[in-house]
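As structure tokens, the structure follows; a few thoughts come after it.
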Amino acid sequence: MNFFEKVYQAVKKIPYGKVATYGDIARLCGRQRAARQVGWALHQNPHFIEIPCHRIVNRFGALAPAFAFGGAHIQKSLLEQEGIEVREDLTVDLARYRCTELTE
DNA sequence: TATTTGACGATTT
DNA sequence: CAAATCGCCAAAT
């Protein structure tokens, strides 16, 4: 399995109402320092629809300001839809929503 | 074909 | 404690 596929699998493992950081996903893939490739895997996003990119945030808890699915406010909506509180600057409270259960 | 860049983060100095 | 450097690897130039 390619590193990219591992990323996709890990992302899909994120439980409802939770978020994960790039570093967390990288660690789940066996490459803690490969956070960059995690972001890239999502950028490519061959499974775009199937992968909840909105649950992926950086270490600060901020969503990717990039083009994500056509609009940052879409991410905000999706996160709020899952019960996640999103600030105006598209940041979430990692202390509450980070999927610690998955990363351990 | 070679170099640079890129949704990032940890480690070292 | 803050700044600089390294790691990661595929795609774009």
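In what follows, chains are A, B, ... by sequence order, proteins preceding strands, each numbered from 1.
- Side chain of Asn2(A) to main chain of Phe4(A): no donor-acceptor pair is present (N/O by atom type, distance under 3.5 Å, no hydrogens or angles).
- Comparing dA10(C), dC8(B), dC9(C) by their closest approach to the side chain of Phe4(A) singles out dA10(C).
- Residue Arg36(A) is classed as a base contact, given a heavy-atom separation below 4.0 Å to a base.
- Between Leu28(A) atom CG and dG9(B) atom C1' the separation is 15 Å, expressed in whole Å.
- Of the possible donor and acceptor atoms, none in the side chain of Tyr97(A) sits under 3.5 Å from a partner among the backbone N and O of Ala20(A).
- Of the listed nucleotides (dC8(C), dA7(B), dT11(B)), dT11(B) has the atom at the smallest distance from the side chain of Arg33(A).
- Here dA11(C) is the nucleotide among dA11(C), dC9(C), dC8(B) with the atom lying nearest to any side-chain atom of Gln44(A).
- Separating the CD atom of Gln37(A) from the P atom of dG9(B) is a distance of 12 Å, rounded to the nearest angstrom.
- Taking atom CZ on Arg98(A) and atom C1' on dC8(B), their separation rounds to 13 Å, with Å as the unit.
- If you take CD1 of Ile56(A) and C1' of dG9(B), they are 15 Å apart, rounded to a whole angstrom.
- Among the nucleotides dC9(C), dA7(B), dG9(B), the one closest to any side-chain atom of Arg31(A) is dC9(C).
- To the nearest angstrom, P of dA11(C) lies 13 Å from CZ of Phe3(A).
- The minimum heavy-atom distance between Leu42(A) and Cys53(A), with the atom names listed, is CD2-SG, 4.4 Å.
- Ranking dA10(B), dC8(C), dA11(C) by closeness to the Arg59(A) side chain, first place goes to dA10(B).
- Each of dC8(C), dA11(C), dG9(B) was ranked by its minimum atom distance to the side chain of Ala34(A); first place goes to dC8(C).
- dC9(C) atom P lies 15 Å from atom CD of Glu5(A), rounded to whole Å.
- With dC8(C), dA7(B), dA10(B) as the choices, the nucleotide that has an atom nearest any side-chain atom of Gln32(A) turns out to be dA10(B).
- Rounded to whole Å, atom P of dC9(C) lies 10 Å from atom NZ of Lys6(A).
- Comparing the C1' positions of dA3(C) and dA7(B) gives a spacing of 24 Å, expressed to the nearest Å.
- The Asn58(A) side chain lies nearest to dG9(B) when the options are dA7(B), dC8(C), dG9(B).
- In this entry the distance linking CZ of Arg27(A) with P of dC8(C) reads 17 Å, nearest Å.
- Heavy atoms from other residues, nucleotides or ligands lying under 6.0 Å from NZ of Lys13(A) number 12 at most.
- Pair assignment for dC1(C): none, as no Watson-Crick or G-U wobble contacts are both less than 3.5 Å.
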Between Glu82(A) and Arg55(A), is the salt bridge (Lys or Arg N to Asp or Glu O under 4.0 Å) condition met? List the steps. CA-CA 10 Å; Glu82(A) 298 188 1; Arg55(A) 291 183 188 157; 2.9 Å; yes
